[in-house]
Every structure is written in structure tokens, then in C-alpha cells.
Amino acid sequence: MLIDKRLIRYILRKGSNQAADELIQRYYDDLYFYLYRQVGNGNDALDLTQEVFIAALKGLSSYDDRKSSFRTWLFRIGTYKVIDARRKVKMTWIELKDEEWIEEKDFDESLYQKELLRSINQYVASFRPEIQEIFRLRVYGELSFPDIASLLAQKEERIKAQYYRLIKKIREEFHEHE
């Protein structure tokens, strides 16, 4: 298995489709689940995953492996794609069909958790984009603080402080849900 750096070099120098396929396969699932956790819809996550890989391959020459890992760089592109997608959201009404009824014992609990998550995401969206990005990379991307600090070219301590201040505010805002 070739390392990312070598695959990227094959893509840039030789236009290797095989190397591009391998790079995509390597990160596809992680990226898809990262995006799915943010948008909560499988089709939207699939579309965003495709958009991220297209953007990554088009901008591959600008990737600098000294600043971050390829995975971290890919997740950052994903974060921006999610933010862009949320700006474009228009309300659409979906018809309910009889076969879409779900009978689950924990349906209410599942619905409650989804609503709570949606509320938390809306609350986080009220903060500056830099804070949102740290939250999304940490929570949805499961990136470490050193990776986030490297990606955003900031000190790790600053990233941690901003993240934990936001978590404290989320706990204060949603304390009745604990």
C-alpha cells in the first residue's frame, strides 16, 4: 500500500487514475460518515462526499503535506462544503406515505436525540466560523487537537481553549436535557 504522499505525486505528475481511485477509496468511508453526522441525510452526505473529492483532486497541487495530513485537509474541505450547503438550504416539503411509518419502541427517544442534535448544531452555527470549524473537526471529524491546530495554523492551546469554552456554553444552554 502506497503512502498518501506517493499517491498524490503519481496523480500530479502522471495523472494516474489508479492512484486517484486508491486515494479516494482510502478516505471515502471516513469522509462520508464525517459529513453524514453533520447533515443527517445519506443522499446529501453522498453528494457532499463527491463534491469534496472533486474539489480535492482539482486543488491537489495546493495541498502541502507539511501543514497537515491528507485526511485532515480533506475534512477541512468537507467542513467548508457543509457550511456552503447550509447556506443554500431551501425548505422543501416531503409527502408522507403510509409505508414510511416506523413503529419502534424507542422512536420518541430517537426523535428527541435528533432534535437535540439539530438544536445543538443550530446553536453552534451562531458562533464565529472559526469556532464552528474547530467544533466540527473535533466532534464530527474526530481529529486530535494537534491535527486541528496544524490544519488551522494555530497553537494547540488556543484550539483547546476555544473548544472547551464552546462545550461549556453548550452545556449551559442545554443543561435541562442532561
Side-chain angles (χ1 to χ4, degrees), residues 1-12 16-90 92 113-114 116-156 158-160 162-164 166-167 170:
M1 184 163 81
L2 297 175
I3 61 171
D4 293 347
K5 191 174 182 177
R6 184 169 286 172
L7 289 172
I8 291 167
R9 192 174 336 125
Y10 283 151
I11 294 168
L12 290 174
S16 172
N17 289 334
Q18 184 179 358
D21 288 344
E22 187 173 336
L23 199 59
I24 290 169
Q25 286 177 8
R26 185 174 291 179
Y27 294 104
Y28 190 90
D29 290 345
D30 285 351
L31 180 63
Y32 170 79
F33 288 115
Y34 170 69
L35 297 169
Y36 179 81
R37 281 180 264 172
Q38 294 185 65
V39 297
N41 178 298
N43 289 331
D44 291 345
L46 283 172
D47 290 344
L48 286 170
T49 303
Q50 183 177 356
E51 287 179 29
V52 169
F53 279 115
I54 289 170
L57 291 173
K58 283 183 178 175
L60 198 56
S61 60
S62 67
Y63 168 68
D64 184 351
D65 64 347
R66 293 170 294 181
K67 292 183 179 175
S68 66
S69 70
F70 182 74
R71 180 180 185 269
T72 302
W73 184 70
L74 206 55
F75 278 39
R76 186 167 195 196
I77 294 170
T79 298
Y80 289 124
K81 290 291 181 187
V82 169
I83 291 170
D84 288 346
R86 286 197 172 133
R87 288 182 185 147
K88 296 176 186 172
V89 169
K90 294 179 182 173
T92 56
Q113 294 296 330
K114 284 184 178 179
L116 179 59
L117 182 60
R118 188 176 323 185
S119 297
I120 290 172
N121 278 326
Q122 286 176 342
Y123 181 71
V124 170
S126 69
F127 288 88
R128 292 188 339 253
E130 301 85 35
I131 305 294
Q132 293 178 46
E133 186 175 17
I134 292 168
F135 177 80
R136 294 182 201 296
L137 290 170
R138 179 72 179 164
V139 173
Y140 298 120
E142 300 176 353
L143 295 183
S144 67
F145 286 118
D147 284 345
I148 296 171
S150 170
L151 182 67
L152 302 179
Q154 293 183 17
K155 291 185 177 182
E156 184 180 335
R158 179 179 163 85
I159 297 293
K160 283 181 179 177
Q162 290 176 328
Y163 175 78
Y164 286 119
L166 177 61
I167 294 300
I170 290 171

Inter-residue atom distance L117.CG - Q122.CD, 0.5 Å rounding: 10.5 Å
Which residues share a side chain to side chain contact (heavy atoms under 4.5 Å, CB included) with N41, sequence neighbours left out: N43, D44
Aromatic plane relationship, Y164 with F145 - under 30° parallel, 30 to 60° tilted, over 60° perpendicular: tilted
Residues in side chain to side chain contact (heavy atoms under 4.5 Å, CB included) contact with A19, at least two apart in sequence or another chain: L7, Y10, I11, S16
A55 to I77 - nearest heavy-atom pair and separation: CB-CG2, 4.1 Å
By side chain to side chain donor-acceptor pair (under 3.5 Å) - contacts of D64 (at least two apart): R66
Q154, CD atom: more than 12 neighbouring heavy atoms under 6.0 Å: yes
Full working for side-chain contact (heavy atoms from CB on, under 4.5 Å) between F135 and Y140: CA-CA 8 Å; F135 177 80; Y140 298 120; 4.1 Å; yes
Nearest heavy-atom neighbours spanning R71 and G141: NH2-O, 3.5 Å
Where V39 and A45 come nearest, the two heavy atoms and their spacing: CG2-N, 3.9 Å
Value rounded to 0.5 Å, distance of CG in L151 from CD1 in I134: 10.5 Å
Interatomic distance, S144 atom OG to L137 atom CG [nearest 0.5 angstrom]: 10.5 Å
CG on N17 to CG on D21, rounded to 0.5 Å: 6.5 Å
Listed partners of E51 passing side chain to side chain donor-acceptor pair (under 3.5 Å), at least two apart: none
Contact summary for S61 and L12, nearest pair of heavy atoms: N-CD2, 3.8 Å
Listed partners of F70 passing side chain to side chain contact (heavy atoms under 4.5 Å, CB included), at least two apart: D4, I8, L23, Y27, L60, Y63, W73, L74
Inter- and intrachain pairs under salt bridge (Lys or Arg N to Asp or Glu O under 4.0 Å), touching residues 121-137, at least two apart: R76-E133, R128-E130
Nearest-0.5 Å distance that lies between atom CG in D147 and atom OG1 in T72: 4.0 Å
R138: which of I159, I167, I148 passes side-chain contact (heavy atoms from CB on, under 4.5 Å): I148
Short side-chain donor-acceptor distance under 3.5 Å, T49 and Y34: no
Contacts of type ring-ring contact (aromatic ring centres under 6.0 Å, His included), residue Y123, not counting sequence neighbours: F127, F174
Sub-4.5 Å side-chain heavy-atom contact between L166 and Q162: no
Side chain to side chain contact (heavy atoms under 4.5 Å, CB included) partners for I24, two or more places apart: Y28, F53, L57
Test side chain to side chain donor-acceptor pair (under 3.5 Å) applied to K160 - qualifying residues, sequence neighbours left out: E156
Sequence-distant partners of F33, ring-ring contact (aromatic ring centres under 6.0 Å, His included), two or more places apart: none
Which residues share a side chain to side chain donor-acceptor pair (under 3.5 Å) with S119, sequence neighbours left out: none
More than 12 heavy atoms of other groups within 6.0 Å of Y36 OH: no
Approximate separation, where rounding is to 0.5 Å, of R26 CZ and I3 CD1: 9.0 Å
With sequence neighbours excluded, residues passing salt bridge (Lys or Arg N to Asp or Glu O under 4.0 Å) with R118: E115
